[in-house]
Amino acid sequence: MNAKMFEEYDKYIIASSTDTKGIITYVSQAFCDISGYTSQELIGKSHSIVRHPDTPQEVFSELWETLHANKAWKGEIKNKTKDGNYYWVEATVSPLFENDILIGYSSVRKDITSTKFLGEHDEIITTLFDSLHDIVVLTDGIQIRFVNKAFLRFTGYKTLEDFRADYRCICDMFDTEDLRYLQQMMDDVPWTQYVVEHPDDVHQAKIIKDGKEHLLGVDVHDVVMQGSNFYLAVLSESLVIKNLNATLQEQIDKKEIVLHDLKRSQNKVVEQEKMVALGQLIAGVAHEVNTPLGAMKSSSGSILESMTLLLDNLPNLFTSLEHKDKDLFFDFLDMIAKQKDILSTRDERKVKRSLAKELENENIIDSIFITDRLIDMKCYKDVSKYYPLFKHKHRKLIVETAYNVSDLQFNVYNINEAIKRASKIIFALKSFARYDYSGDPVKANLVQGVDTALTIYANKIKKGVTIVTSYEEVPDVLCYVDELNQVWTNLVFNAIQAMNYSGTLTLDIRQKDDFIMVSITDTGCGIPDKIKDKIFEPFFTTKPSGEGSGLGLDIVKKIIDKHHGKIELETEENVGSTFKIYIPVALEETNNV
């Protein structure tokens, strides 16, 4: 192998070699890049330095059994990086011989992290995107990883594997003769990357399918999930809307006809607006899911550490304590478990000084150490009962063991809270993505729908928005749930934008006569009187070009009209706006009128 070829091999192939005892003698640059270690940190060590505890020991037992039989082993291994993250590889490990003598082992690996991640989240991704009418393609920039049902309907294939048998990418179907539209490569970069790098341009692709020309609008989002990069591409039939805009310009006097066409297309437009919102939410939702996952990962690590210390200390502790001391120790643990107070930094310093002085006055040795641990355990009130433990000759072991128990309890509590948070986010995503194609109204709770909207936009709200809620207990109403969820998400997001992501968002839900009233109030810029009567008109928007279609409030109004409800607006410039939505308690009665 010449120097140039070896340089490329070293840069792109995750490879290593060891001696017969498994000690690393060589690692490629690609190995260093994915693990986060330098070659100096890896050479001379075993591969256990990157071993993730999730990989069963049986995997490595099988690996060595195969190698000792002078055979190559192939399998999947979960590794950890230097900074504590993880990655998956498909590894092939082979014996190395020289003159029929075993001199070591070589290993070549393939990064399969993205495939594993998508496999772990397949149900959520499928549920989310299969509810959409637009074509959705998820790719890592090299290979398509996921497509929704709309993609298969459009291409005519039953599965993604069937499509891959004929095409590498959907771009292989682009009309390459018409240079006005997207090509497979734009300026020597893939079309997905090109769209991401030119977000202000209008991107379209033309596909000739079954002799018919399809003009598709294209939007691509660059998404990072668990350290892996993906492109989320959305393709939609845009020719109808393009022609509709031309008709509006040429035949402004035929407004009634255009509005009639818009009404017939309402369901399609609702889904398009939902996809726009979804595109804005992808990065934020990924972050929101990663936050509780990170908390669980951190807490689980602390639990393992505390458990190790406890298992080391408990035998020594119990053999050194008399019966009465053990009873007092267990009482001490019960008292610690009930401590919930969280002090400010200033109050903590004050309490620490007072507690340290109290212990010193009792001639308790190691009072500083004991004080620090008591503060960490939030245990600083009425501790005189436990002076015998603090004066015991094994006082440090007693206090340190109690601290490890407290730390264990605290981290279990953190994991439970993180699980609740992650569950709430997943529930909100499923509620947002679900679409009822039956067309029939169902009983639903409006409070739950509004809370789903708040959860969906949690990433934007937490940056500077204060939420104030006032919910009365209200009855379930017969309604079109998915369409009302669109109302809440539109109005909540409009309110957040009106405040420029900083202010107070107040939500009030109560029953008024035969209606459930949902009030959404922001402290934003307000709406000028001269345009207040226009905000529900189609295509009217106050947002900058490219940020709004002008259809959001028009859709809101139509959905509320469909429910025989009403919407009221109270607004004042530089003070804020309030939208009050009234939904009838008994939709079936109004529909029979």
Side-chain angles (χ1 to χ4, degrees), residues 113-115 117-118 121-122 124-151 154 160 169-171 174 181-187 189-205 216-238 241 270-291 425-426 428-430 432-433 455-460 463 486 489-490 493 496-497 501 543-549 552:
T113 307
S114 62
T115 302
F117 179 83
L118 291 174
H121 298 77
D122 181 66
I124 296 174
I125 294 174
T126 301
T127 301
L128 191 65
F129 292 122
D130 275 350
S131 67
L132 305 174
H133 294 310
D134 292 332
I135 297 169
V136 176
V137 178
L138 190 66
T139 170
D140 57 11
I142 299 174
Q143 185 180 39
I144 294 177
R145 295 296 185 181
F146 172 83
V147 296
N148 67 345
K149 289 181 179 178
F151 175 94
F154 177 80
L160 176 57
C169 172
I170 194 172
C171 63
F174 290 174
Y181 303 105
L182 282 174
Q183 306 293 301
Q184 295 172 343
M185 300 290 290
M186 303 288 291
D187 295 339
V189 299
W191 66 278
T192 47
Q193 181 180 340
Y194 181 83
V195 174
V196 168
E197 292 176 353
H198 298 80
D200 297 329
D201 295 346
V202 175
H203 301 285
Q204 293 180 328
L216 303 177
V218 180
D219 191 14
V220 180
H221 300 273
D222 191 4
V223 182
V224 179
M225 296 185 290
Q226 289 288 337
S228 297
N229 294 308
F230 298 92
Y231 291 110
L232 178 69
V234 181
L235 298 88
S236 60
E237 293 272 8
S238 60
I241 294 178
V270 168
E271 284 300 296
Q272 289 175 333
E273 280 290 302
K274 194 170 184 178
M275 189 58 223
V276 171
L278 181 63
Q280 296 167 339
L281 291 171
I282 288 294
V285 168
H287 174 76
E288 284 299 301
V289 173
N290 281 336
T291 298
I425 294 168
I426 298 302
L429 275 175
K430 287 186 175 180
F432 183 77
T455 302
I456 286 291
Y457 288 112
N459 189 54
K460 295 185 180 296
K463 295 178 181 178
Q486 186 71 24
T489 53
N490 275 6
F493 188 57
I496 297 170
Q497 282 191 317
Y501 306 96
K543 297 176 184 178
S545 177
E547 289 190 16
S549 64

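Because the structure is predicted, anything quoted here is derived from the model rather than measured.
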About how many Å separate CD1 of Ile135 and OG of Ser236, when rounded to the nearest 0.5 Å? 8.5 Å

When you compare the side chain of Leu138 with that of Tyr231, does any pair of heavy atoms fall below 4.5 Å? no

Between CZ of Phe146 and OG1 of Thr139, what distance do you get to the nearest 0.5 Å? 13.0 Å

Sidechain-backbone polar pair: His203 side chain, His198 backbone, donor-acceptor under 3.5 Å: yes

side-chain hydrogen bond (donor to acceptor under 3.5 Å, both in side chains) partners of Gln183, counting only residues at least two apart: none

What is the distance from atom CG of Leu182 to atom CG of Asp201, rounded to the nearest 0.5 Å? 10.0 Å

Leu216 side, atom CG; Phe154 side, atom CZ - distance, nearest 0.5 Å: 5.0 Å

For the student: nearest non-hydrogen atoms of Ile144 and Ile170, plus distance: CD1-N, 4.1 Å

At what distance, to the nearest 0.5 angstrom, does OG1 of Thr192 lie from CD of Glu197? 9.5 Å

Please report the shortest heavy-atom distance between His133 and Ala150, naming the atom on each side. O-CB, 3.3 Å

Closest contact, heavy atoms only, Val220 versus Ala233: CG2-CB, 4.0 Å

Are the side chain of Asn148 and the backbone of Val136 linked by a donor-acceptor contact shorter than 3.5 Å? yes

Residues that Phe174 engages under ring pair (Phe, Tyr, Trp, His ring centres under 6.0 Å), provided they are two or more places apart: Trp191

